[in-house]
Amino acid sequence: MSDTSSVLRIVWIYPDLLSTYGDQGNALILRRRAEQRGIRTEIVHVHSSDPVPAEGDVYLLGGGEDRPQILAANRLRADGGLKRAADRGAAVLAVCAGYQIIGETYGDDDDNPLPGVGILDVRSGRGETRAVGEIVAEVAPELGGGRITGFENHQGRTTLGPGATPLSRTLTGIGNDGRTEGAYQGQVLGTYLHGPALPRNPQLADLLLRMRVGDLAPLPPSWGEALHEERLAAAL
């Protein structure tokens, strides 16, 4: 997408498999913040029985339980549409189980390594303890900096390869490993943050929008910014 006369296509992948903790709210807030700036949008729901279109602008994946996660990974690899979209420069935000499966490998419920989609240079397995609770992290300066918050509930531990960069530095909570949270590679972002992540952190929604449309007009303060500040104050 190169201008606001076009339609920004937001692709919500596998809501029937990957949609825990209200992660579909990420699509809704992304549409809202785009349309407030006069950018026309379309949300495309792609169920696990559907092919993934390669011509979208922003692709969103949510969290899920172990078995749906495995099914989702297998279908995404066989389909190939998400990888083709990422290869041509589409923006991707994947949360929790979605974050793990877009990596190179992830672990099943017995921590056996399984192949992921391979669009983010990370590898995930199972930790000895479960990470549950609020998390606060400092976003990488090259992505605009600032603090983000969310709720994590996972036993995953994620290691970044040389192709990926931490999305943020963990201040409270576990994230990847107690030191960093999430990862990004080009326009592909992964995070463990639920809440959902984008309504709680509108700056991340705007980051995804800038990846596709360029500079954005500022918006007046909203309930999203107020909630963000409240969550920061409560978590620190």
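Just so it is clear, the model here is predicted, and its values are computed rather than measured.
A salt bridge is absent between R210 and D215: the closest approach of a Lys/Arg side-chain nitrogen to an acidic carboxylate oxygen does not fall below 4.0 angstrom. Salt bridge status for R212 with D57: present, with a side-chain N to carboxylate O gap under 4.0 Å. A salt bridge is absent between D111 and R157: the closest approach of a Lys/Arg side-chain nitrogen to an acidic carboxylate oxygen does not fall below 4.0 angstrom.
Between the side chain of N201 and the backbone N or O of Q203, no donor-acceptor pair lies under 3.5 Å. Looking at N74, its side chain never comes within 3.5 Å of a backbone N or O of R77 through a donor-acceptor pair. A donor-acceptor contact shorter than 3.5 Å links the side chain of N26 to the backbone of L198. Of the possible polar contacts, none joining the N112 side chain to the G107 backbone as a donor-acceptor pair under 3.5 Å is found.
I174 and L167 fall into different hydrophobic clusters, where Ile, Leu, Val, Met, Phe, Trp and Tyr residues are linked whenever their side-chain heavy atoms come under 4.5 Å apart, directly or through other members. Residue L8 is grouped with residue L204 when hydrophobic side chains (ILVMFWY) are merged at heavy-atom distances under 4.5 angstrom, including chains of intermediate members. Hydrophobic clustering (ILVMFWY, side-chain heavy atoms < 4.5 Å, transitive): Y184 and I148 are in one cluster. When the side chains of ILVMFWY residues are joined at heavy-atom separations under 4.5 Å, either directly or via intervening members, L17 and V46 end up in a single hydrophobic cluster. Both V58 and L209 are assigned to one and the same hydrophobic cluster, defined by single-linkage of ILVMFWY side chains at heavy-atom distances under 4.5 Å.
Side chains of T149 and E134: a donor-acceptor N/O pair is absent below 3.5 angstrom, by distance only. Side chains of T170 and R179: no donor on one and acceptor on the other come within 3.5 Å.
Heavy-atom contacts from other residues, nucleotides or ligands closer than 6.0 Å to CZ of R130 number more than 12. More than 12 heavy atoms of other residues, nucleotides or ligands sit less than 6.0 Å from atom CZ of R126.
Put simply, OG on S168 and CG on L193 are 6.5 Å apart, with the number rounded to the nearest 0.5 Å. W12 CH2 to L30 CG: the interatomic distance, rounded to the nearest 0.5 Å, is 11.5 Å. For the atom pair I29 CD1 and L208 CG, the distance stands at 12.5 Å (nearest 0.5 Å). The CD atom of Q155 sits 10.5 Å away from atom CG of D109, with the distance rounded to the nearest 0.5 Å. Atom CG of L28 is separated from atom CD1 of I43 by 5.0 Å, given to the nearest 0.5 angstrom. Here the CD1 atom belonging to I13 is positioned 11.0 Å from the CG atom belonging to D50, to the nearest 0.5 angstrom.
Smallest separation of non-hydrogen atoms from A183 and V122: CB-CG1, 3.8 Å. Counting all heavy atoms, side chain and backbone alike, P166 lies closest to L160 at N-CD2, 3.3 Å. Considering every non-hydrogen atom in both P199 and P196, the closest pair reads CD-O, 3.5 Å. Between P15 and H47, the shortest heavy-atom contact is CG-NE2, 3.9 Å. Looking at every heavy atom in both residues, D16 comes nearest to S48 through OD2-OG, 2.6 Å. Scanning all heavy atoms of the two residues, the minimum distance from L120 to G190 falls at CD2-N, 4.2 Å.
Among residues at least two apart or in separate chains, there is no ring-ring contact (aromatic ring centres under 6.0 Å, His included) pair with a member in residues 109-134. Among residue pairs with one or both ends in residues 52-89, none qualify as ring-ring contact (aromatic ring centres under 6.0 Å, His included); sequence neighbours excluded.
For D108, the salt bridge (Lys or Arg N to Asp or Glu O under 4.0 Å) test picks out no residue, with sequence neighbours left out. Partners of D121 by side chain to side chain contact (heavy atoms under 4.5 Å, CB included), not counting sequence neighbours, listed by chain and number: E104, R123, P162, A164, Q185. Residues satisfying the ring pair (Phe, Tyr, Trp, His ring centres under 6.0 Å) criterion with Y21, sequence neighbours excluded, are F151, H194.
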Next item on the list: List the steps and the verdict of side-chain contact (heavy atoms from CB on, under 4.5 Å) for T41 and R33.
Entry: CA-CA 10 Å; T41 65; R33 293 185 74 81; over 6 Å; no
Next item on the list: Please step through side-chain contact (heavy atoms from CB on, under 4.5 Å) for the pair I39 and L216, ending with a clear verdict.
Entry: CA-CA 10 Å; I39 302 169; L216 298 172; 4.3 Å; yes
Notebook entry, point to check: Where do Y106 and T158 land on the side-chain contact (heavy atoms from CB on, under 4.5 Å) test, with the steps shown first?
Noted result: CA-CA 9 Å; Y106 67 100; T158 298; over 6 Å; no
Next item on the list: For D206 and R37, run salt bridge (charged side-chain N to carboxylate O under 4.0 Å, His left out): C-alpha distance rounded to whole Å, both residues' side-chain angles, the deciding distance at 0.1 Å, then the answer.
Entry: CA-CA 11 Å; D206 288 351; R37 295 177 167 99; 3.1 Å; yes
Next item on the list: Take L61 and L82, measure what side-chain contact (heavy atoms from CB on, under 4.5 Å) needs, and give me the verdict at the end.
Entry: CA-CA 10 Å; L61 297 87; L82 178 61; 4.2 Å; yes
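In this structure, the side chains of E181 and I135 come closer than 4.5 Å at one or more pairs of heavy atoms. Counting heavy atoms from C-beta outward, P53 and V11 have side chains that approach closer than 4.5 Å.
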Compile the donor-acceptor pairs under 3.5 Å between side chains in residues 86-102 and protein atoms, sequence neighbours left out, one pair per line.
{"unit_1": "D87", "atom_1": "OD2", "unit_2": "K83", "atom_2": "NZ", "d": "3.2"}
{"unit_1": "R88", "atom_1": "NE", "unit_2": "A54", "atom_2": "O", "d": "2.5"}
{"unit_1": "R88", "atom_1": "NH2", "unit_2": "A54", "atom_2": "O", "d": "2.7"}
{"unit_1": "R88", "atom_1": "NH2", "unit_2": "E55", "atom_2": "O", "d": "3.3"}
{"unit_1": "R88", "atom_1": "NH2", "unit_2": "G56", "atom_2": "O", "d": "2.3"}
{"unit_1": "Y99", "atom_1": "OH", "unit_2": "N176", "atom_2": "OD1", "d": "2.9"}
{"unit_1": "Q100", "atom_1": "OE1", "unit_2": "Q69", "atom_2": "NE2", "d": "2.9"}
{"unit_1": "Q100", "atom_1": "NE2", "unit_2": "Y192", "atom_2": "OH", "d": "3.0"}

